[in-house]
Amino acid sequence: MKRLALLRTAALPLSLGLAVAAQAQAQAQDLQDRATPPPAPEQTGADPRNEDEIDFSADLLEYNTDGDVVDASGDVRLSRQGERLRADKVTWNRTTGQVVAEGNIAVTNPQGDIAYGDRIELTDSLRDGVVQNMLVVLEQGGRLAAERGVREQGGIIRVTRAAYTPCTVTTAANCPKEPSWKINAREVTYDPARSRVRYKGARITLLGLTLPLPSFSHTIGGKSAAGVLAPEIRYGRVNGLEFALPYHFEMGPNRDLTITPRVFTGSLPMLQADYRELNSLGAFRINAYGTYSRRSDDLIVTDVPATSENAFRGYVDASGRAQFTPEWSAYASIRVATDRTFLRRYDISRDDRLRSNVGVMRITPDSYFAINGWAVQSLRLDGTGTAQPLALPEIDYRKRIEDGVLGGRFTFQLNSLAIGRKSGQDTQRAFASALWELRRVTTLGQEVTFSALARADVYNTQDTLLTSVVSYRGDEGFSARAIGAAAVDVKWPFIGEALGGTQRFTPRVQMVVAPHVENLSIPNEDARAVDLEDSNLFALNRFPGYDRFEDSTRFTYGLDYALDLPGIAINANVGQSYRLTDRSVLFPDGTGLNDRWSDFVGRTEIRFRQFVSLTHRYRIDKDGLALRRNEIDATIGSRQTYAQIGYLRLNRDIGIELEDLRDREEARVAGRVAFARLWSVFGSATVDLTDRSEDPLSLSDGFDPVRHRIGVEYEDDCLRLGVAWRRDYTDIGDARRGNSFLLTLALTNLGR
């Protein structure tokens with residue numbers, strides 16, 4: 001091996017030219033890997049050199065003094081600042097300034113891109129050159145091949161008879177295969193300053209089907225840029241055939257805007273805009289829709305006047321967060337629609353209410369402070385929109401302090417809330433509370449937790465008669481109450497071997513003491529959906545909010561069980577509580593808490609490797625052992641082939657006056673079956689099983705499909721292609737029942 005510094009002025013542009021070409025050139029006929037190994041990385045600890053100086057080595061070096069020509073052959077290698085070249089032969093004519101590398105050329109640049117070729121010829125400027133039979137394997141994914149490539153002034157690369165693909169070109173057994181899609185073009189231009197590739201006379205081949213692309217461009221290297229994104233095609237009964245063609249505007253490295261015109265055969269066009277920004281304070285996004293269409297002539301409700309005229313309809317979904325300091329931040333989430341059925345008609349969302357929130361927050365390791373505002377827009381057609389609350393402001397402050405005497409911890413809280421309605425009850429609330437907790441482990445292994453709570457509340461309520469449910473109203477005007485509670489919770493785990501694994505029994509007992517509280521004189525805004533579950537069985541207050549507190553003395557007992565075997569995990573719990581006094585006035589019938597003895601509640605979780613996951617939650621009536629809550633969620637299968645089953649039945653026998661506690665029965669199924677290696681069929685369905693014996697207000701006959709979806713899809717490392725059919729069975733305003741069809745096409749590095 002011989003080293004030569006003579007070539008430093010020629011080899012520098014040689015390696016640079018090839019390395020830049022490694023980002024965007026190659027040959028159209030062959031996208032397969034070449035046999036030539038890439039140059040090895042530079043040895044660490046090499047002597048530092050001039051920025052124009054390179055390391056050069058070859059098996060044989062010849063210098064023709066008559067022609068002033070240098071020939072290097074036999075595993076020629078050049079390297080400079082991370083850019084490396086390997087070739088069979090390099091010739092430098094010092095008289096003409098021509099430098100030629102030939103035979104099994106492989107070049108690697110600092111970014112990890114690898115270029116292969118048969119011949120590269122540089123001009124006397126030693127900057128521009130021509131590459132023959134080039135293949136480029138990009139570090140970020142993808143490869144570009146060309147019959148001939150030219151590097152021009154400014155680093156712009158032009159290649160002819162080229163092909164590009166981001167797909168793999170070998171099978172799992174390393175056998176050659178055709179990529180799922182590729183682009184062949186008469187000419188390809190790569191601009192390194194913009195990291196963009198442009199095609200002329202291009203054709204895209206997709207799963208063997210070739211389509212023309214007369215003029216086309218895209219970015220490489222994971223960067224985004226302005227241009228047309230992948231189109232969307234779907235068909236629905238109300239809007240007809242829909243075609244959407246997004247256009248992306250790159251407004252900077254931290255901002256972008258996507259405008260999506262949506263054209264329908266059954267209604268007027270709609271415009272969608274999506275804006276995103278990341279700045280020094282934080283990030284935010286805005287998603288907006290707008291169109292003109294019939295707005296209310298299909299609504300079968302009395303409070304909306306019928307009309308056949310088109311009106312503006314739209315929707316805004318915006319969110320963001322700003323981080324001012326490590327502790328202080330502000331955030332917002334705004335969702336507003338012009339009317340109640342816009343989202344469903346255009347298949348944007350199926351929510352029946354939109355919630356908006358703005359706030360500011362400060363968090364430290366031992367304190368929390370937040371000021372929030374909440375607004376809710378009802379999208380239901382039952383006339384409940386004016387009863388939706390506006391909560392502004394909600395102020396919440398919490399502080400944790402270690403107890404230096406007993407070793408426990410104090411948590412202090414101050415909270416205030418004001419709720420107003422256009423047509424309904426208004427409420428203002430403020431309270432202060434202190435919670436003390438102490439956890440100890442005895443010498444026998446019992447975990448004992450002591451708790452004590454003290455709280456003082458003040459409420460002010462107006463227009464209580466506008467609330468239809470009497471137990472939710474409270475007293476008109478100002479009301480006050482004091483709350484106190486103390487609890488002791490004991491867990492005693494027993495651990496041992498079982499079936500080649502480990503099992504754990506944990507009996508648990510809790511006692512809560514709380515004096516009587518005048519709950520019904522206080523309005524109930526946030527504690528209406530009360531239900532006994534495994535998650536709140538041992539809670540100090542089993543109501544979900546602050547407006548109701550479970551008083552009197554009670555005892556709760558339960559058992560936690562866990563079994564861990566190789567590949568199998570089982571976790572289960574069950575429990576019940578006993579109250580010294582009857583609180584049937586506070587708890588509605590059917591909640592499982594209205595008698596002294598509560599219902600039995602529990603949860604069972606079973607996992608078998610990554611193949612089976614099952615969760616069963618239940619509540620059993622203490623008297624007749626009837627299932628009052630039966631909820632099953634199960635997933636069986638692998639990532640490619642699986643089935644999901646969901647079932648919920650709430651059989652609580654609660655009266656129709658409590659909307660928050662309606663009985664319901666519903667089944668959900670979904671699944672995917674893989675076949676032919678990369679193809680799969682999928683489907684899902686939701687069925688309303690509620691009948692009038694369970695909910696007198698239900699319109700279901702006991703088996704009423706809500707919607708279903710069925711489709712077929714192809715997906716590999718760089719292509720996703722599918723078609724899906726969905727059917728809705730419910731008319732909601734101008735969102736009519738019927739069929740919808742969606743075509744999905746996603747190509748790696750193209751579109752989104």
Side-chain angles (χ1 to χ4, degrees), residues 1-23 25-27 30-65 67-94 96-123 126-127 129-139 143-149 151 174:
M1 302 287 285
K2 298 183 179 180
R3 185 180 301 270
L4 186 69
L6 180 67
L7 290 177
R8 62 187 179 190
T9 57
L12 171 62
L14 173 66
S15 61
L16 283 176
L18 286 173
V20 174
Q23 300 181 47
Q25 299 153 285
Q27 188 213 9
D30 188 9
L31 286 164
Q32 298 295 326
D33 290 331
R34 305 290 171 87
T36 304
E42 299 178 70
Q43 295 182 358
T44 59
D47 295 335
R49 300 182 181 276
N50 182 294
E51 64 176 11
D52 288 336
E53 193 169 346
I54 64 148
D55 285 333
F56 180 89
S57 63
D59 292 340
L60 178 63
L61 182 65
E62 298 178 344
Y63 179 62
N64 187 334
T65 56
D68 201 9
V69 175
V70 178
D71 287 315
S73 59
D75 195 17
V76 184
R77 304 192 184 194
L78 300 90
S79 65
R80 174 193 174 274
Q81 296 182 350
E83 299 175 11
R84 308 184 299 276
L85 164 70
R86 168 182 284 171
D88 291 342
K89 183 179 180 181
V90 174
T91 301
W92 179 28
N93 189 320
R94 301 188 65 188
T96 64
Q98 183 185 55
V99 178
V100 177
E102 297 178 293
N104 295 318
I105 300 172
V107 178
T108 303
N109 67 2
Q111 290 73 36
D113 302 325
I114 304 174
Y116 302 93
D118 293 340
R119 174 185 172 89
I120 180 170
E121 179 179 326
L122 300 178
T123 64
L126 302 181
R127 292 291 179 183
V130 178
V131 184
Q132 303 291 339
N133 189 18
M134 177 66 74
L135 169 68
V136 179
V137 180
L138 304 176
E139 172 67 20
R143 53 186 60 211
L144 183 64
E147 183 179 84
R148 183 176 183 271
R151 181 176 183 268
N174 206 29

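Values below: every heavy atom of this structure, side chains too, minus hydrogens, waters and symmetry copies.
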### Message
Using 0.5 Å steps for rounding, measure from the CG atom of Asp75 to the CG atom of Leu60.
### Response
12.5 Å
### Summary
Minimal heavy-atom distance between Ser73 and Ala58, with the atoms involved, is O-CB, 3.8 Å
### side-chain contact (heavy atoms from CB on, under 4.5 Å) partners of Asp71, counting only residues at least two apart
Glu62, Val69, Lys89, Thr91
### Message
So which atom in Glu102 and which in Val100 form the shortest heavy-atom distance, rounded to 0.1 Å?
### Response
CG-CG1, 3.6 Å
#### Entry: Distance-minimising heavy-atom pair for Val76 and Asp88
CG2-O, 3.8 Å
### Query
If you round to the nearest 0.5 Å, how far is CZ of Arg86 from CG of Asn104?
9.5 Å
### Message
Going by side chain to side chain donor-acceptor pair (under 3.5 Å), name the residues that satisfy it together with Asp68, two or more places apart in sequence or in a different chain.
### Response
Tyr63
